[in-house]
Amino acid sequence: MTGTPRTAPTLLLDFDGTVALGDEPVLAYARELAHAADAPDLVERVHGFLATGRDDVHAVDDGYLFAQALGHELGLDGARISRAYLDSRAGVTSGEVPLHAAPGLRDASDAVRAAGGRVVLVTNAPADGLDGLLARMGVADAFDAVVGDARKPGGMGAILDELLAEGCPPAASRRSATSGATTSSPRSSAAAERG
């Protein structure tokens with residue numbers, strides 16, 4: 001039979017709220033925005049949104065998007081909002097901002113692999129430091145590949161095309177020509193850190 005080779009079944013996971021649990025990363029972003037806008041009540045508004053999942057003014061269903069909308073509402077430009085996000089992610093990456101791995105993640109990863117599949121983390125979180133963060137959480141080896149700086153949702157099509165075309169991305173970190181996302185294999189990174 002000819003045609004396109006079959007790609008291994010793939011479980012794609014996001015980082016915040018799926019692999020990593022806890023509200024602290026969103027609240028760290030809110031604190032950075034509050035500082036930039038000199039608006040301390042922004043943190044409480046984000047906390048309230050996280051508690052209820054509701055906001056009648058902004059059409060968002062995500063804590064990061066809600067915080068971003070508040071930043072815009074308070075007059076922050078895109079560059080300052082991006083800086084606040086990156087500053088908050090630096091705290092996440094360094095371990096200053098607490099979070100924990102989802103219960104059952106390792107069991108789910110093992111089950112997918114036992115069935116001949118692969119597990120890929122695709123996140124908008126900055127790729128820089130992501131492998132180390134996953135290692136600190138004890139889940140670095142739960143993934144066959146990690147795609148950081150994914151630029152979802154717009155970048156997702158290119159990432160899926162690449163995963164379908166290549167199978168599992170190669171072990172070495174690289175910059176994707178199509179998506180602009182950074183792909184790495186934490187298994188290789190963890191082995192290099194030990195070796």
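For reference, positions follow the sequence shown, starting with 1. Just so it is clear, the model here is predicted, and its values are computed rather than measured.
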Which atom pair, heavy atoms only, marks the closest approach of [X] to [Y]?
| X | Y | value |
| --- | --- | --- |
| F49 | R54 | CD1-O, 3.5 Å |
| P9 | G116 | CD-O, 3.9 Å |
| A125 | Y85 | CA-OH, 3.5 Å |
| A142 | S109 | O-OG, 2.6 Å |
| A34 | V43 | CB-CG2, 3.9 Å |
| L33 | A84 | CD2-CB, 3.6 Å |

Can you confirm whether more than 12 heavy atoms, excluding those of [X], are under 6.0 Å from its [atom1] atom?
| X | atom1 | answer |
| --- | --- | --- |
| D110 | CG | yes |
| H35 | NE2 | no |
| D77 | CG | yes |

Look at the side-chain heavy atoms of Ile, Leu, Val, Met, Phe, Trp and Tyr, link any pair under 4.5 Å apart, and say whether [X] and [Y] land in one connected group.
| X | Y | answer |
| --- | --- | --- |
| L65 | V92 | no |
| V26 | L130 | no |
| V147 | L86 | no |
| L21 | V97 | no |
| L99 | F143 | yes |

Closer than 4.0 angstrom, basic N to acidic O: yes or no for D87 and R83?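 Answer for the salt bridge query: yes.
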Any carboxylate oxygen within less than 4.0 angstrom of a Lys/Arg side-chain nitrogen, looking at R89 and D128?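 The answer is no: the pair does not qualify as a salt bridge.
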Atom [atom1] of [X] and atom [atom2] of [Y]: how far apart are they, to the nearest 0.5 Å?
| X | Y | atom1 | atom2 | result |
| --- | --- | --- | --- | --- |
| E24 | L50 | CD | CG | 9.5 Å |
| L121 | L134 | CG | CG | 6.0 Å |
| L12 | L160 | CG | CG | 6.0 Å |
| H100 | M137 | NE2 | CE | 8.5 Å |
| L163 | D144 | CG | CG | 10.5 Å |

Taking the side chain from D14 and the backbone from T123, do they hold a donor-acceptor pair closer than 3.5 Å?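 No.
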Using side-chain heavy atoms (C-beta onward) and a distance below 4.5 Å, is D23 in contact with H47?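 A side-chain contact is absent here, since even the closest heavy-atom pair is not under 4.5 Å.
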Please identify which of these residues, D41, L42, I81, meets the side chain to side chain contact (heavy atoms under 4.5 Å, CB included) condition with L74.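 Of D41, L42, I81, side chain to side chain contact (heavy atoms under 4.5 Å, CB included) with L74 is met by L42 alone.
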So V120 and I159, side chain to side chain contact (heavy atoms under 4.5 Å, CB included) or not? Walk me through it. CA-CA 11 Å; V120 179; I159 291 167; over 6 Å; no
Do the rings of Y64 and Y29 sit parallel, tilted or perpendicular, given the 30° and 60° boundaries?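 Geometry flag for Y29 against Y64: tilted rings.
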Only one of H72, Q68, E73 passes side chain to side chain donor-acceptor pair (under 3.5 Å) with H58; say which it is.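 With H58 as partner, H72, Q68, E73 yield a single side chain to side chain donor-acceptor pair (under 3.5 Å), made by E73.
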